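Before any comments, here is the structure.
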Amino acid sequence: QVQLVESGGGLVESGGSLRLSCVASGLTLSDYAMGWFRQVPGKEREFVAGIGRHGGSTHFGDAVTGRFTISRDNVNKSVFLQMNSLQPEGTAVYYCAARYMGISVSESRYDYWGQGTQVTVSS
């Protein structure tokens with residue numbers, strides 16, 4: 001059974017930083033590209049960042065480029081999202097997702113999802 005468990009969310013002031021973690025089990029992480037998405041109530045899930053199977057390629061959504069970084073540790077089956085210069089519009093539930101093979105910006109192309117972690121950015 002595949003599980004993705006996110007952690008690291010919380011409340012942060014505008015301009016602050018948070019580091020999200022996603023720990024995977026039940027799969028060989030190096031077989032999967034990993035993505036981070038975020039969602040606010042009433043809106044579709046938004047692609048935030050993705051990383052290739054071995055970390056050699058990354059891709060970011062326009063809203064976070066230059067402020068967020070993504071990394072992974074296949075040995076420890078973990079993926080990380082470092083979020084800097086957070087703004088109130090970054091308030092959302094952040095989800096970790098796994099896609100067999102390559103990165104995609106489309107949520108429908110991901111095979112497994114975590115339950116999400118809430119990030120709240122105060123102004």
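Predicted, not measured: the structure shown is a model, and the values here were computed from it. Numbers here are sequence positions counted from 1.
A donor and an acceptor atom, one from each side chain of S17 and N84, are located under 3.5 Å apart. Under the 3.5 Å distance criterion, with hydrogens and angles disregarded, no donor-acceptor pair is assigned to the side chains of S104 and S106.
Using a 4.5 Å heavy-atom threshold, the side chains of R72 and M34 count as touching. Contact of the L86 side chain with the S14 side chain is not registered, since no non-hydrogen atoms from C-beta on lie closer than 4.5 Å. Looking only at side-chain heavy atoms (C-beta outward), V5 and Q115 stay at 4.5 Å or farther from each other.
Between the side chain of Q39 and the backbone N or O of E44 there is no donor-acceptor pair closer than 3.5 Å.
Here the NE2 atom belonging to H59 is positioned 8.0 Å from the CD1 atom belonging to I103, to the nearest 0.5 angstrom. To the nearest 0.5 angstrom, D31 atom CG is 5.0 Å from Y100 atom OH. Expressed to the nearest 0.5 Å, how far CG of D111 lies from CG of L27 amounts to 9.5 Å. In this structure, Q3 CD and Y112 OH are separated by 12.0 Å, a value rounded to the nearest 0.5 Å. Here the straight-line distance linking atom CH2 of W36 with atom CG of L81 works out to 6.0 Å at 0.5 Å rounding. Within the model, atoms OG1 of T91 and CD of Q118 stand 7.0 Å from one another, a figure rounded to the nearest 0.5 Å.
In plain terms, the two heavy atoms of E6 and G116 that are nearest each other are OE1-N, 2.9 Å. Between Y110 and A97 the shortest heavy-atom distance is CD2-CB, 3.5 Å. Closest of all the heavy-atom pairs between L4 and A98 is CD1-N, 3.8 Å. The two residues K77 and G26 have their closest heavy-atom pair at NZ-N, 4.5 Å.
Side-chain heavy atoms closer than 4.5 Å link hydrophobic residues (I, L, V, M, F, W, Y) into clusters, and following such links, possibly through other members, connects L20 to I51. The hydrophobic clustering, which links ILVMFWY residues whose side-chain heavy atoms are closer than 4.5 Å, places L18 and V64 together. Both V48 and V12 sit in one connected hydrophobic cluster of ILVMFWY residues. Membership requires side-chain heavy atoms under 4.5 Å apart, directly or through other members.
Other residues, nucleotides and ligands place more than 12 heavy atoms under 6.0 Å from the CZ atom of R67. Atom CD of Q87 has more than 12 neighbouring heavy atoms from other residues, nucleotides or ligands inside a 6.0 Å radius.
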Verify side-chain contact (heavy atoms from CB on, under 4.5 Å) between V93 and T117, making sure each step is shown before the conclusion.
CA-CA 5 Å; V93 177; T117 185; 6.0 Å; no
Let's go through V79 and I70 carefully: what are the C-alpha distance in whole Å and the side-chain angles of both, what is the deciding distance for side-chain contact (heavy atoms from CB on, under 4.5 Å) to 0.1 Å, and is it a yes or a no?
CA-CA 7 Å; V79 184; I70 186 171; 4.2 Å; yes
For the pair Q82 and S71, evaluate side-chain contact (heavy atoms from CB on, under 4.5 Å) and give the outcome as yes or no after the intermediate values.
CA-CA 8 Å; Q82 178 66 41; S71 59; over 6 Å; no
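Using cut-offs of 30° and 60° for the angle between ring planes, the Y94 and F68 rings count as tilted.
Remark: R53 is not positioned above the aromatic ring of Y32, lacking an NZ or CZ atom under 6.0 angstrom from the ring centre and at most 45 degrees off the axis. Judged by the 6.0 Å and 45° rule, R45 forms a cation-pi pair with Y95.
Just one of N74, V23, V75, N76 meets the side-chain contact (heavy atoms from CB on, under 4.5 Å) condition when paired with L29; it is N74.
Here F47 and F60 keep their ring centres 6.0 angstrom or further from each other.
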